[in-house]
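Quick notes on the structure that follows.
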Amino acid sequence: MPSHFENNEPVLELDVLDAIENAATLLQTKPYTVALAGAGISKESGIPTFRGNDGLWTKNGEPPLDQYQRFIDDPLDWWHTRLVNSKGAFAQTLDNAAPNKGHTALAELEKLGILRHLITQNIDDLHRRAGHLSLTEIHGNRLWMRCIECGDRLPLDEFTYDPTLLPPRCTIGDCNGIIKSDTVMFGEPIPRAALAKSQVESAKAEVFMAIGTSALVYPAAAYPLEAIQNNKPLIEINPEVTQLSEYATIVVRAPSGTALPLIVERIRELNLVIQ
Ligand code: APR
């Protein structure tokens, strides 16, 4: 029950604190938690979300859905454009971003043995930089490259190619597939390995967390929904209502950079109590 009122309204943060307490208690008691992260977790790193008031797609409209088909039709054009174009504003924002307290706390949940796998829709590399080891970047990573045939991935800073021999080809065995950015383009199938890992881990979840995602884009949005259908408790961390909210066991209606550190702090306190 709220402990104090203002203008006859319960103070919102008490609801949030109750939700944080309940989330910490639930996470503490279940052996296997899987999370889906979206653009919202990177908002506090200065990276805009896609939807919502000041979202990228809200302001500029969604990119064309045939992005990948155009790449397949003319990979040389894509590579030439990549080589000659200077970085756009969004790429520079990503270059300047660093993991925020939400990323760090989520990586801490993995270190505590509570978060067993993170599926992220973000391509910004911030979860890797925060220290996650059990991670699926389902929409790829802007700082990695990938063969579109065999799916082999490698970090951009380990990728070498001859700019006179474009498009670069895969050198794994006799693959010879075309290499592109690991970032999944609109219209591009999600790489098989990422899909398989996400499905296996989501099926093992005892608790599912949806953090900073509007849960509108599939197949990523299917994982929290499947958890709900399998009667697994869902914890949603999002300052806004989403299509998941009404099904969530616990809704922490707050920014992830606020909520996640408080959840981790409370779990540590509970751990001390149990020991
Ligand atoms: N903390 C947590 N959540 C936040 C915060 C915050 N500080 N700020 C905003 N949010 C929430 C918004 O309320 C929204 O629900 O983050 C969510 C962001 O939703 P989207 O912009 O739709 O991002 P996402 O769910 O990751 O989109 C999925 O769509 O366009 C594609 O490939 C793109 O990976 C992206 C996918």
Side-chain angles (χ1 to χ4, degrees), residues 12-13 16 19-20 23 35-68 71 90-91 93-94 97-106 109 118-127 130 135-144 146 181-191 194-195 198 208-225 234-248 250-264:
L12 183 62
E13 58 267 23
V16 172
I20 285 167
L36 173 68
I41 197 171
S42 295
K43 181 92 175 281
E44 290 151 275
S45 295
I47 299 174
T49 57
F50 296 101
R51 299 169 185 82
N53 303 336
D54 51 356
L56 275 178
W57 300 164
T58 312
K59 283 189 281 190
N60 313 327
E62 300 222 359
L65 288 177
D66 65 348
Q67 228 180 11
Y68 186 59
F71 170 81
F90 184 54
T93 303
L94 291 168
N100 64 58
K101 291 180 295 181
H103 293 103
T104 309
L106 197 56
L109 269 186
L118 172 63
I119 303 163
T120 187
Q121 300 168 92
N122 302 339
I123 62 165
D124 56 30
D125 198 51
L126 295 183
H127 294 297
L135 172 68
T136 295
E137 294 163 308
I138 196 167
H139 292 161
N141 181 319
R142 62 185 288 265
L143 301 181
W144 284 59
R146 175 168 40 88
S181 164
D182 184 43
T183 299
V184 174
M185 295 176 174
F186 274 77
E188 180 177 3
I190 301 288
L195 269 185
S198 300
F208 206 96
M209 297 178 84
I211 305 163
T213 182
S214 59
L216 293 172
V217 172
Y218 290 80
Y223 301 123
L225 291 171
L234 174 70
I235 300 171
E236 179 178 54
I237 300 178
N238 194 321
E240 310 287 336
V241 174
T242 73
Q243 69 151 341
L244 298 176
S245 300
E246 64 180 298
Y247 307 108
I250 299 169
V251 174
V252 185
R253 196 60 77 213
S256 46
T258 303
L260 283 166
L262 289 173
I263 289 171
V264 169

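As the structure lists them, so they are numbered: ligands from 1, and atoms in each ligand from 1.
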> Going by distance alone, is a donor N or O of one side chain under 3.5 Å from an acceptor N or O of the other, for Asp125 and Asn141?
Replying inline: yes
>> Other residues, nucleotides and ligands only: do more than 12 of their heavy atoms fall within 6.0 Å of OH on Tyr68?
In response: yes
> Do Glu188 and Arg146 meet the salt-bridge criterion of a basic N to acidic O distance under 4.0 Å?
Replying inline: yes
> Which pairs pass salt bridge (Lys or Arg N to Asp or Glu O under 4.0 Å) with one or both residues in residues 48-57, sequence neighbours excluded?
Replying inline: Lys43-Asp54, Arg51-Glu62
> Relative to the ring of His103, is the ring of His127 parallel (under 30°), tilted (30 to 60°) or perpendicular (over 60°)?
Replying inline: perpendicular
> Just wondering, do Ser245 and Asn238 contact through their side chains at under 4.5 Å, heavy atoms?
Replying inline: no
Between the protein and ligand 1, which nitrogen or oxygen pairs come in under 3.5 Å, and how far apart is each?
residue	atom	partner	partner atom	Å
ligand 1	1 (N)	Gly40	O	3.4
ligand 1	1 (N)	Ser256	N	2.9
ligand 1	1 (N)	Ser256	OG	3.2
ligand 1	7 (N)	Glu44	OE1	2.8
ligand 1	13 (O)	Asn238	OD1	2.8
ligand 1	15 (O)	Asn238	ND2	2.9
ligand 1	16 (O)	Gly212	O	3.3
ligand 1	19 (O)	Ser214	N	3.4
ligand 1	21 (O)	Phe50	N	2.7
ligand 1	21 (O)	Arg51	N	2.8
ligand 1	22 (O)	Arg51	NH1	2.7
ligand 1	22 (O)	Ser214	OG	2.6
ligand 1	25 (O)	Thr213	OG1	2.7
ligand 1	25 (O)	Ser214	N	2.9
ligand 1	25 (O)	Ser214	OG	3.2
ligand 1	26 (O)	Ala39	N	2.8
ligand 1	27 (O)	Arg51	NH1	3.1
ligand 1	29 (O)	Arg51	NH1	3.1
ligand 1	29 (O)	Arg51	NH2	3.2
ligand 1	30 (O)	Arg51	NH2	3.3
ligand 1	30 (O)	Trp57	NE1	2.6
ligand 1	34 (O)	Gln121	O	3.2
ligand 1	34 (O)	His139	ND1	2.9

